[in-house]
Amino acid sequence: MTGKDATSISRIGEKSGSEAAVRGWLYNRRSSGKIQFLIVRDGTGYLQTVVAKSEVSPETWAEAERATQECSLVVSGRVREEPRAPGGWEMTVTDVRILGPSENYPITPKEHGVDFLMSQRHLWMRSSQQHAVLRVRSEVSQAIRDFFYEREYTLIDSPILTGSSVEGTSTLFETDYFGEKAYLSQSGQLYLEPAAAAFGKVYCFGPTFRAEKSKTRRHLTEFWMIEPEVAFLEFDGLCDLAEEFVTYLIARTLDRSAEDLARLERDTSKLEAVERPFPRITYREGIERLAAKGFPIQFGEDLGADEETALTEGNSRPLIVSRFPTAIKSFYMQPDPEDPDVVLGLDMLAPEGYGEIIGGSQRIHDLELLERRLAEHKLPREAYEWYLDVRRYGTFPHSGFGMGLERFVTWMCGTHHLREAIPYPRTLKRIYP
RNA sequence: UCCUCAGUAGCUCAAUGGCAGAGCAUCCGGCUGUUAACCGGAGGGUUGUAGGUUCAAGUCCUACCUGAGGAGCCA
């Protein structure tokens, strides 16, 4: 089409005082008779352009008047500093060319309901706040990879199609695999444990599927999970790793996503307040605190949403809760040698009511104990022979955790709902678009 | 699976059981510094579906459908 030499709006300042062209979509147009303001966005930023009737040809003026919300266009002119313009730069237009028209764009500059917006998700991501959230997500994903790369972890992609469940409790999406049953992965952990024996420090980062009929703003049926697994790492070290990981990601987000967080009107002082060490309590301490607050939880009962909220109330840092009763946790978690009724598992609960973002544990490395647990949980042993091999051939203590990307991004952005933190959310009631 | 709430114009929402309304969007007109611009005008309706009560139902009753929020479960 046109605009071969178009300038990226993020770099428009480099063109100050000279001619330039920007190529993108019309974000909004305001007209005042003989002057029009075309706000152009190109994915990297927004630029206010000014068309003055007295300074352009009648054809150019008419073309600008034809520009409608979200039409694609090329605008050329002279770039200059302009304090009245959002962003500080403005273009005095000499030429406008509409590339693709846009009739009756559904998302108007006005309030809309979430249901409507989600049905227009493919268009909604053009809106400034949604755009900002997804850019933060992109930065967080990059920071996750950098964190592990800098620490000499090996990326091990775990399979999405699997033959058995990790924990046997959550509901799995079933699919047909050439006449046999297969399931969409709900965790890469089991596949990472053997990899830890091969590479030492490993992680996976990919989509995860849960067929749970959860209907809350903290659940998706398809979400992205980051799971490190580390050989010879024991429980206290795991807690340290989780802390270091989260503080690293926050620092990177504050540094590289400042503009997007500002657009989201995120109170970044809340994120700046997150420093190490994080408070750590055990489950037993937790139920004591809850008893004092009027929640009569007995040992062996799981902590519900109200209990989690009560425990994190007033915290500016995430809370690590550890050492849960064995009976309510997964089969592979290592018992605490000093308190055999509990396992060396942890949940990290984010402040500001964002809830659980990380769940992890030290894994059982003793073959006989693991075999016993499989039996207790009534899991089909044949499906786990390969997993037991990790304990048969040079067993070793090891630990790992899983972090939900969308939950972390939602926290960073201060967003209300998880579904805005993923480009195309999959929820109980939505698989379109 | 359970509990709560909602469904009226393209969108966001009004309407005591008594004429179906407004803002935004769209179209037309006006305006040379707008910031979700503003001002004037126009078009736009099977009130989620089916049944019931009533002289009269968007409104009350019953069932169903769809969605949202929460619980449980989890990251």
Side-chain angles (χ1 to χ4, degrees), chain A residues 27-39 46 48-56 61 65 68-70 82-87 90 92 102-120 123-124 127-129 166-167 169-172 186-189 205 207-227 242 301-309 328-330 345-350 354-360 401-411 416-419 421-422 427-430 432:
Chain A
Y27 192 67
N28 198 6
R29 180 165 70 92
R30 289 183 285 271
S31 108
S32 183
K34 296 192 176 68
I35 186 167
Q36 299 180 58
F37 297 89
L38 307 184
I39 316 295
Y46 301 81
Q48 175 162 291
T49 69
V50 195
V51 190
K53 195 171 189 177
S54 58
E55 293 173 28
V56 296
W61 178 258
E65 283 197 311
T68 54
Q69 189 186 2
E70 289 301 325
E82 172 54 71
R84 286 173 292 186
E90 191 173 76
T92 304
S102 169
E103 305 284 336
N104 292 316
Y105 188 71
I107 302 176
T108 60
K110 180 73 180 165
E111 288 170 25
H112 297 281
V114 173
D115 185 41
F116 169 76
L117 289 169
M118 273 301 164
S119 72
Q120 306 290 333
L123 301 176
W124 192 24
S127 301
S128 64
Q129 295 214 339
V166 170
E167 300 170 33
T169 52
S170 301
T171 322
L172 299 169
Q186 61 171 342
S187 168
Q189 180 202 323
F205 183 17
T208 304
F209 307 88
R210 302 275 166 94
E212 296 154 357
K213 300 210 168 173
S214 301
K215 271 179 66 87
T216 83
R217 60 170 189 263
R218 300 197 324 281
H219 290 88
L220 297 167
T221 54
E222 176 181 314
F223 65 97
W224 281 60
M225 188 154 67
I226 168 76
E227 294 174 277
E301 290 181 281
D302 217 341
L303 304 180
D306 291 346
E307 287 79 27
E308 284 188 4
T309 306
I328 57 170
K329 285 293 173 179
S330 303
L346 73 92
D347 282 351
M348 186 187 288
L349 308 176
Y354 282 96
E356 184 175 346
I357 52 169
I358 283 179
F401 64 74
M403 186 182 85
L405 176 66
E406 291 77 14
R407 287 191 178 176
F408 184 82
V409 171
T410 301
W411 173 33
H416 178 66
H417 203 300
L418 216 60
R419 66 191 154 197
I422 187 168
T427 65
L428 191 56
K429 294 291 180 186
R430 188 171 294 284
Y432 175 94

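Letters A, B, ... mirror the listed sequences (proteins, then strands); counts begin at 1.
- Heavy atoms of A/Leu418 sit under 4.0 angstrom from at least one base atom.
- Looking at heavy-atom distances under 4.0 Å, A/Pro106 makes no contact with the nucleic acid at all.
- Here B/rC74 presents its P atom at 19 Å from CD of A/Glu406, a figure rounded to the nearest Å.
- Distance, A/Lys53 NZ to B/rC31 P: 8 Å, rounded to whole Å.
- Counting non-hydrogen atoms under 4.0 angstrom, A/Gly355 reaches nothing in the nucleic acid.
- Between A/Gly359 and A/Asp347, the shortest heavy-atom contact is CA-OD1, 3.9 Å.
- Base engagement by A/Ser31 is indicated by at least one non-hydrogen atom pair under 4.0 Å involving a base atom.
- Following rounding to the nearest Å, A/Leu428 (CG) and B/rC74 (P) show an atom-to-atom distance of 17 Å.
- When atom types are taken as modelled, the side chain of A/Thr216 and the backbone of A/Arg218 share a donor-acceptor pair closer than 3.5 angstrom.
- Annotation for A/Ile357 and A/Trp411: closest pair CD1-CZ3, 3.8 Å, computed over non-hydrogen atoms.
- One cannot find a donor-acceptor pair under 3.5 Å joining the base of B/rC11 and the side-chain atoms of A/His112.
- Rounded to whole Å, the distance from CZ on A/Arg407 to P on B/rC73 is 13 Å.
- If you check every strand for non-hydrogen atoms under 4.0 Å, A/Phe37 touches a base.
- Proximity of a side-chain donor or acceptor of A/Glu70 to a complementary backbone N or O of A/Pro106 within less than 3.5 Å is not detected.
- Between A/Met403 atom CE and B/rA75 atom P the separation is 13 Å, expressed in whole Å.
- Distance noted for atom C1' between B/rA42 and B/rU47: 24 Å (whole Å).
- Side-chain N or O atoms of A/Glu406 include none that pairs as donor or acceptor with a backbone N or O of A/Arg419 at under 3.5 Å.
- With A/Glu308 contributing its side chain and A/Ala305 its backbone, the two residues share no donor-acceptor pair below 3.5 Å.
- If you check the side chains of A/Ser187 and A/Glu227, you find a donor sitting under 3.5 Å from an acceptor.
- Separating the C1' atom of B/rC5 from that of B/rG40 is a span of 40 Å, rounded to the nearest Å.
- One can place CD of A/Gln189 at 13 Å from C1' of B/rA75, the figure rounded to the nearest angstrom.
- Atoms NE2 and CG, on A/His417 and A/Leu220 in that order, are 7.5 Å from each other to the nearest 0.5 Å.
- Within the model, atoms OG1 of A/Thr208 and CG of A/Leu405 stand 10.0 Å from one another, a figure rounded to the nearest 0.5 Å.
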Do any N or O atoms of the protein come closer than 3.5 Å to N or O atoms of nucleotides 63-69 of chain B, and which pairs are they?
| residue | atom | partner | partner atom | Å |
| --- | --- | --- | --- | --- |
| B/rA68 | N7 | A/Lys215 | NZ | 3.4 |
| B/rG69 | OP1 | A/His417 | NE2 | 2.9 |
| B/rG69 | OP1 | A/Arg419 | NH1 | 3.4 |
| B/rG69 | OP1 | A/Arg419 | NH2 | 2.7 |

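- A distance of about 23 Å separates the P atoms of B/rG43 and B/rU8, rounded to the whole Å.
- Following rounding to the nearest Å, A/His219 (NE2) and B/rG72 (P) show an atom-to-atom distance of 10 Å.
- The residue A/Asp302 sits close only to the backbone: its heavy atoms come under 4.0 Å of sugar-phosphate atoms, none of a base.
- Nucleotides B/rA68 and B/rC39 are separated by 36 Å at their P atoms, to the nearest Å.
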Scoring nucleotides 20-29 of chain B by protein non-hydrogen atoms under 4.0 Å (B base, S sugar-phosphate only, - none) yields ---BSSS---
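- Here the side chain of A/Thr68 pairs a donor or acceptor atom with the backbone of A/Ser102 at under 3.5 angstrom.
- For A/Arg84, the side-chain atoms get nearest to B/rU34 when compared with the rest of B/rC73, B/rU32, B/rU34.
- Between B/rC28 and B/rG69, the two P atoms lie 39 Å apart (nearest whole Å).
- B/rA50 and B/rA14: their C1' atoms are spaced 27 Å apart (whole Å).
- Nucleotides B/rU26 and B/rU49 are separated by 30 Å at their C1' atoms, to the nearest Å.
- Among the protein residues, A/Leu220 comes within range of the nucleic acid bases, having at least one heavy atom under 4.0 Å from a base atom.
- With values rounded to the nearest 0.5 angstrom, A/Thr49 atom OG1 is found 11.0 Å from A/Arg29 atom CZ.
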Fill in the dot-bracket string of RNA chain B, one character per base: . for unpaired, | for a pair to another strand, ( ) or [ ] for pairs within the strand, taking Watson-Crick or G-U pairs under 3.5 Å.
(((((((..((((....[..)))).(((((.......))))).....(((((..]....))))))))))))....
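- Between B/rG70 and B/rG33, the distance separating the two C1' atoms is 49 Å to the nearest Å.
- Separating the CE atom in A/Met403 from the CE atom in A/Met348 is a distance of 9.0 Å, to the nearest 0.5 Å.
- Of the inter-residue distances, the one linking A/Met225 atom CE with A/Gln186 atom CD reads 8.0 Å to the nearest 0.5 angstrom.
- Between A/Phe223 and A/Arg29, the one whose closest nucleotide on RNA chain B sits nearer the 5' end is A/Arg29.
- A donor N or O paired with an acceptor N or O is found under 3.5 Å between the base of B/rU34 and the side-chain atoms of A/Gln48.
- Between the P atom of B/rG33 and the CD atom of A/Glu90 lies a distance of 13 Å, rounded to the nearest Å.
- In plain terms, the two heavy atoms of A/Tyr27 and A/Gln69 that are nearest each other are O-CG, 3.9 Å.
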